[in-house]
Amino acid sequence: MKQKTMKLALMLLVAVVAFTSCSKSSKTARFLPDDAITMRIDVKQILDKSKAADNDAVKQQLAKNLEAMGKNEEAKAVLKAVAEDPAKAGIDLRQPLWVSANAEGKNALLVGELLDKDDFVKLLTALDKAPKEKDGIQYIGEGTNVIAFDDDCFVVSDGTIDDVIKKFNADTKGTMAESDDFSKLADAKGIMQVLIPMGVAQNQLTAEQKALLPNGLDMKDLSILLDLSSEKGSVTLSVEAIAKSDAWKQNIEEGKKLMRNIDGDYANYIAADGMSIFCNIDGKAYFDYLEKMGVFKNQKTIKSDQLEMAKGVLGTIDGDFTAGISKWEGFIPNACLYLKTKDKKIIEALNQLGIKSSKEMNFGEKDGTTYLAIGGEPFAEAKPAVSKSDIKGHRVYIHIGAQLAAKAIQGFCTRSQAKAAQPAVESIKSIEIYDTADTKVDFRVNMNDADKDPVETLAGTMLGQFGLNQ
């Protein structure tokens, strides 16, 4: 039954895209709690990118499968009408679908808008049975797990019909309709977004994790917005922090001083197709910030001599931090690390800990650079090396070559796990992580096929599983 329902849902989404066009609406915001995790799904954009609606085989299979699902001649006629004119499904996919749930995945909701309630009723009746009515709200389902709707919207819920009716009749207090975050979601351009009010994570933290939080900051005053987008040759997940209190905004402003734009001093030593990280650190400012925010004070296990060593080590860092891995054979990578430093305090700290430079792990300080090299020379130029243009203007830049990453992972997984991951490894060229604003970081996956949208590739695989691309 679940397979049958999934196939129907997929076919309907493919069909409805044929007549939809973009527009905005906030009718559904009143159903979404402002303290829950909320997902926005741009079904039309996903289907446009998938090119499923342009697939004649899919359209033919759609008509055939829809009609076959009718339990009687009347139901078959309704489903045939939907296949011929997708608007007859009664669902308005010009508008996004919304999913909401708490941190434990409970109190789940799927909310969408109706194009025509009468057509929606006919569809439900053809697939299941005629809806019942209670307090002016129509619904199908018994106990928990119900589909309820009025003239404008439908709600799929894991609660009872009484729970859902309350949402239809309640005011907008405590919902996304009165949340500033909703506009961020509504204006997002990607195919899918997730808004996480960090207050939901407050109770999930251990005492040790809470101790790491700077003083004066409340998690409920911070939200995280994830925005997934795609284009030919790549898919990008943007992660943005949304501060809603002066304390958080001030914290972000102070954080900007800790990491500056990358100079790229060591780019020539880092292999372009390997794994690397670049940033520029003001170590003294970073230590002062942690001390000011009470992080060290909250850590009762830190001794005074350890704190003094940390102050010296951080305080000497003043400029680019760069690390790279060019080869990975077995468990030991060929790696290098460079730090712009004021003096030799890091080397002195390592010596105090009994760690000495060796042929296998070569470290030292040269001309204001503290370095570490494993399996190679510390200042050997890479060919090809990372281009400074890739890292220019960023405060953080991370590059992961897919082939090298695969070799690294193979050393820590079983043969069957490595085999299962092979298709992804073959399709992905590299992964990049970099800041695009003071509160925003992008995770970008570059594909080997630069001429195709990854959504189209994924859709082809999914349609194949449902027998819709034959």
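We count residues from 1, following the sequence as given.
- Between the side chains of Asn446 and Glu432, at least one donor N or O lies within less than 3.5 Å of an accepting N or O.
- Salt bridge annotation for Lys173-Asp171: absent, with no cationic side-chain nitrogen under 4.0 angstrom from a carboxylate oxygen.
- Taking the six-membered ring for Trp and the full ring otherwise, Phe154 and Phe149 have centroids separated by 6.0 Å or more.
- Atom NZ of Lys292 and atom CZ of Phe287 lie 14.5 Å apart (nearest 0.5 Å).
- Note that CD of Glu113 is 12.5 Å distant from CG of Asp151, once rounded to the nearest 0.5 Å.
- Within the 4.5 Å cutoff, the side chain of Val200 has heavy atoms near those of the Ile37 side chain.
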- Message: Assess the residue pair Asn448 and Glu426 against the criterion (side chain to side chain donor-acceptor pair (under 3.5 Å)); give the C-alpha distance rounded to whole Å, side-chain angles, the decisive distance to 0.1 Å, and a yes or no.
- Response: CA-CA 8 Å; Asn448 281 319; Glu426 291 176 350; over 6 Å; no
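- No donor-acceptor distance shorter than 3.5 angstrom exists from the side chain of Arg444 to the backbone of Ile431, with no hydrogens or angles considered.
- No hydrogens or angles considered: a donor-acceptor pair under 3.5 Å links the side chains of Asp163 and Thr160.
- Between the side chain of Ser50 and the main chain of Leu47, a donor-acceptor pair closer than 3.5 Å is present.
- In terms of modelled atom types and a separation under 3.5 Å, the side chain of Asp119 and the main chain of Asp116 share no donor-acceptor contact.
- The backbone N or O of Ala75 lies less than 3.5 Å from a partner atom in the side chain of Asn72, making a donor-acceptor pair.
- Considering OG of Ser100 and CG of Asn107, their distance stands at 8.5 Å, rounded to 0.5 Å.
- Side-chain contact between Ser223 and Met198: absent, with no pair of heavy atoms (C-beta onward) separated by less than 4.5 Å.
- For the pair Asp150 and Lys117, the salt-bridge criterion is not met [side-chain N within less than 4.0 Å of a carboxylate O].
- Note: Phe31 and Phe168 have perpendicular aromatic rings, judged against thresholds of 30 and 60 degrees for the angle between ring planes.
- Scanning both residues, Val82 and Ala89, for their nearest heavy atoms gives CG2-N, 4.1 Å.
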- Task: Begin from the C-alpha positions of Arg94 and Leu115 and carry the test side chain to side chain contact (heavy atoms under 4.5 Å, CB included) through to its verdict.
- Result: CA-CA 9 Å; Arg94 294 172 299 183; Leu115 186 71; 3.3 Å; yes
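- Here the shortest heavy-atom pairing between Gly112 and Leu97 reads CA-CD2, 4.0 Å.
- Proximity of a side-chain donor or acceptor of Asp435 to a complementary backbone N or O of Ala437 within less than 3.5 Å is not detected.
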- Message: Apply salt bridge (Lys or Arg N to Asp or Glu O under 4.0 Å) to residues Glu74 and Lys122 and explain how you reach the verdict.
- Response: CA-CA 10 Å; Glu74 183 179 356; Lys122 291 178 183 177; over 6 Å; no
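- The number of heavy atoms from other shown groups lying within 6.0 Å of CG (Asn261) is above 12.
- In this structure the side chain of Leu225 never reaches within 4.5 angstrom of the side chain of Asp181, judged on heavy atoms.
- Put simply, the side chain of Asp438 reaches to within 4.5 Å of the side chain of Arg395, judged on heavy atoms.
- No side-chain donor-acceptor contact under 3.5 Å links Thr175 and Asp34.
- Look at Lys166 and Asp162 and you find no salt bridge, because none of the NZ, NE, NH1 or NH2 atoms lies under 4.0 Å from a carboxylate O.
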- Going through the checks in order, is the side chain to side chain contact (heavy atoms under 4.5 Å, CB included) test met by Ile224 and Val239? CA-CA 7 Å; Ile224 302 297; Val239 182; 3.8 Å; yes
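- In this structure, His399 and Ser430 approach most closely via the heavy-atom pair NE2-CB, 3.7 Å.
- Nearest heavy-atom pair, Arg40 versus Gly190, reported as atom, atom and distance to 0.1 Å: NH1-O, 4.1 Å.
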- Message: Applying side chain to side chain donor-acceptor pair (under 3.5 Å) to Asp453 and Ser230, what does each step give before you reach the verdict?
- Response: CA-CA 7 Å; Asp453 193 302; Ser230 70; 2.9 Å; yes
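- Within the 3.5 Å criterion, the main-chain N or O of Asp218 finds a donor-acceptor partner in the side chain of Trp248.
- With Gln45 contributing its side chain and Lys189 its backbone, the two residues share a donor-acceptor pair below 3.5 Å.
- Annotation: side chain of Ile391 is in contact with side chain of Val386 (closest heavy-atom distance under 4.5 Å).
- Here the side chain of Asp158 pairs a donor or acceptor atom with the backbone of Ala108 at under 3.5 angstrom.
- No more than 12 heavy-atom neighbours from other residues, nucleotides or ligands sit within 6.0 angstrom of NZ on Lys184.
- For Phe321 and Phe278, the gap between ring centers reaches or exceeds 6.0 Å.
- Within a 6.0 Å radius of NZ in Lys244, other residues, nucleotides and ligands contribute more than 12 heavy atoms.
- For the atom pair Lys256 NZ and Asp282 CG, the distance stands at 15.0 Å (nearest 0.5 Å).
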- Message: If you apply the rule side chain to side chain contact (heavy atoms under 4.5 Å, CB included), what do you find for Val455 with Ile191, and how did you get there?
- Response: CA-CA 10 Å; Val455 174; Ile191 58 178; 3.9 Å; yes
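- The neighbour count for Lys49 NZ, taken as heavy atoms of other residues, nucleotides or ligands under 6.0 Å away, is above 12.
- Counting only heavy atoms from C-beta outward, the side chains of Val146 and Val164 approach each other to under 4.5 Å.
- Remark: Asp449 CG to Lys232 NZ distance equals 10.0 Å, nearest 0.5 Å.
- A donor-acceptor contact under 3.5 angstrom links the side chains of Asn280 and Asp263, judged on distance only.
- Salt bridge status for Lys249 with Glu254: absent, with no side-chain N to carboxylate O gap under 4.0 Å.
- Nearest heavy-atom pair across Ile262 and Cys279 is CG1-CA, 3.8 Å.
- Residues Gly264 and Lys388 approach most closely at O-CE, 3.0 Å, considering heavy atoms.
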- Message: Checking Asp273 against Gln403 for the side chain to side chain contact (heavy atoms under 4.5 Å, CB included) test, could you report, in this order, the C-alpha distance in whole Å, the side-chain angles of both residues, the deciding distance, and whether it holds?
- Response: CA-CA 8 Å; Asp273 57 353; Gln403 294 302 317; over 6 Å; no
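- Annotation: Glu133, atom CD; neighbour count of heavy atoms from other residues, nucleotides and ligands within 6.0 Å is above 12.
- Within the 4.5 Å cutoff, the side chain of Val441 has heavy atoms near those of the Phe443 side chain.
- Side-chain contact check for Val99 versus Ile41: some heavy-atom pair is nearer than 4.5 Å.
- Rounded to the nearest 0.5 angstrom, Asp227 CG and Glu240 CD are separated by 9.0 Å.
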